Amino acid sequence: MKKKLHQYVGRIVRLNKQVFQEFKNRARRKGEALENCFLVAEVSRGVQKLICYGANLRIVVNVSDVVLI
């Protein structure tokens, strides 16, 4: 599983609709805009999740919540 997650590092991903909607609602409450395009920077060691960066946002998500572009 760990090797499989490392294939995402350095790749651009999009969040699935449900997860993106949650982040979008949070951003809207703060008065920020959010685009569904993130760079996977690394794999979290302990919990095996992907650490992704958007314009001004850092998120930690499961691999099942993203789609490679």
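These numbers come from a predicted model, not from an experiment.
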Undergrad: NZ/K30 to CG/L57 distance, rounded to the nearest 0.5 angstrom?
TA: 7.5 Å

Undergrad: Side chains of residues 34-41: which donor-acceptor pairs under 3.5 Å do they make with residues two or more places apart or in other chains?
TA:
unit_1: N36; atom_1: OD1; unit_2: L15; atom_2: N; d: 2.8
unit_1: N36; atom_1: ND2; unit_2: L15; atom_2: O; d: 3.1

Undergrad: Could you tell me which residues satisfy side-chain contact (heavy atoms from CB on, under 4.5 Å) with N25, sequence neighbours excluded, listed by chain and number?
TA: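 With neighbours one apart ignored, the set is Q21, R28, R29.
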
Undergrad: Given side chains that start at C-beta, do those of I51 and V43 come closer than 4.5 Å, heavy atoms only?
TA: no

Undergrad: Mind listing the side-chain donor-acceptor pairs of residues 60-69 below 3.5 Å, one per line with the distance, residues two or more places apart or on another chain?
TA:
none

Undergrad: Looking at F23, does the NZ or CZ of R26 lie under 6.0 angstrom from its six-membered ring centre and within 45 degrees of the ring axis?
TA: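 Yes, a cation-pi geometry.
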
Undergrad: Please report the closest heavy-atom contact between R45 and Q48, naming both atoms and the distance.
TA: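 For R45 versus Q48, the nearest heavy atoms are O-NE2, 3.2 Å.
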
